[in-house]
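First the structure, in the form of structure tokens, and then the observations on it.
Order of listing sets the numbers, starting from 1, for every ligand and every atom in it. In this text the structure is predicted, and so the values were computed from the model without any measurement.
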Amino acid sequence: MTIDFDKAAESLRNWGRWGDDDQRGTLNHVSPETLKRAASEVQTGKMFSLGLEFSQDGPQVPEVTKRANPQLLACDIDQVFNPNNPRSRFNDDVLITPTQAATQWDALSHVHYDGELYNGCKAAECLTARGTKQNGVHHLGNPGIMSRGVLLDIAKLNGVDALPADHKISPDELDKCCETQGVSIGQGDIVIIRTGHLRVFTVQKDKTKVAGFQAGLGAECAEWLHDKSAAAVAADNMAVEFLGMESLAGEIVLPFHMLAIRDMGMPLGEMFDLEALSRDCAEDGRYSFLFSAPPLKITGAFGSPINPVVLK
Ligand code: UVW
């Protein structure tokens, strides 16, 4: 199934829905009621980190992904505060990293088309070499990103550790997964999709396979998320969306990114490590939980490193 991109964009566009100055998009779906419901999911006290380490041995292969891995430089080691009293010492460091080197949120300024970003911001006016004047990731950090999270384990639904690269997830498959797992998506929920793709890095330790064609959401899934009033979507792949020839050479490049980020104002979470969470959800049959992943408030940034946590 292919979509009529412009028709879909028009019907999903949330511009003005939360005010002309809004820079938080679908996170506005998270209400106090959503958060109380999210907190009520906590039953066993089991906690999971969904973040990769930000490491110089991270998943980036710069020749392919055009992003470097983080570089950590110690700038002060074993320094004294006071030479007359040298027992107490300190160590400081500097981190140089693409904001999207590992587990991350895409801010609402990360992608755009036809010269406009989410909520009609003009690319020519807001994008600068020192970041963006509008839709910077710091807006997503105020007050943060927390909600009820729901894992949709599409790899498990298909009985595989990882979906094949040509597997494009459809809205029907998302519905089937909800039904099989006995969960439903409510307003303000954060939907977390497991494809199994990141296992090439976390399990097989082969970072040459992290980039390239891979399973993910088809562009039609933007409408599904819109209809559910989801607050955000995340996945264990590079781009949340399906990456195949058609996503790069079709009507528009990266159609799901464009619909979700630019038209709906929905943050995308990428490279989430879902293996331990997937095992636990399969064991206890509970696929919903309290989810928290506040971005760093990096003023004007197009994305932010995160260490998402889940509490069940
Ligand atoms: C792009 O680089 C456009 O996408 P991603 O959000 O996957 O980093």
Task: Spacing of CZ belonging to Arg24 relative to NE2 belonging to His139, to within rounding of 0.5 Å - done: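 Result: 10.0 Å between the selected atoms.
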
TODO: State, to 0.1 Å, how close Arg262 and Trp15 come at their nearest heavy-atom pair, and which atoms those are.
DONE: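 Minimum heavy-atom separation between Arg262 and Trp15: O-NE1, 2.8 Å.
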
Task: Exercise: identify the closest heavy-atom pair between Pro255 and Ser247 - done: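 In this case the closest contact between Pro255 and Ser247 is CD-O, 3.8 Å.
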
TODO: For the pair Met238 and Val210, evaluate side chain to side chain contact (heavy atoms under 4.5 Å, CB included) and give the outcome as yes or no after the intermediate values.
DONE: CA-CA 7 Å; Met238 288 288 280; Val210 177; 3.4 Å; yes

Task: Worked check of side chain to side chain contact (heavy atoms under 4.5 Å, CB included) between Leu127 and His112 - done: CA-CA 11 Å; Leu127 302 180; His112 64 280; 3.4 Å; yes

Task: Residue pairs passing the ring-ring contact (aromatic ring centres under 6.0 Å, His included) test where at least one lies in residues 71-96, sequence neighbours excluded - done: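 Non-adjacent pairs meeting ring-ring contact (aromatic ring centres under 6.0 Å, His included): Phe81-Phe90.
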
Open item on the list: Can you work out which protein residues put a heavy atom within less than 4.0 Å of ligand 1?
Closed with: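 Heavy-atom contacts below 4.0 Å: Arg67, Gln100, Asp106, His110, Val111, Met238, Ala239, Leu254, His257, Glu270.
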
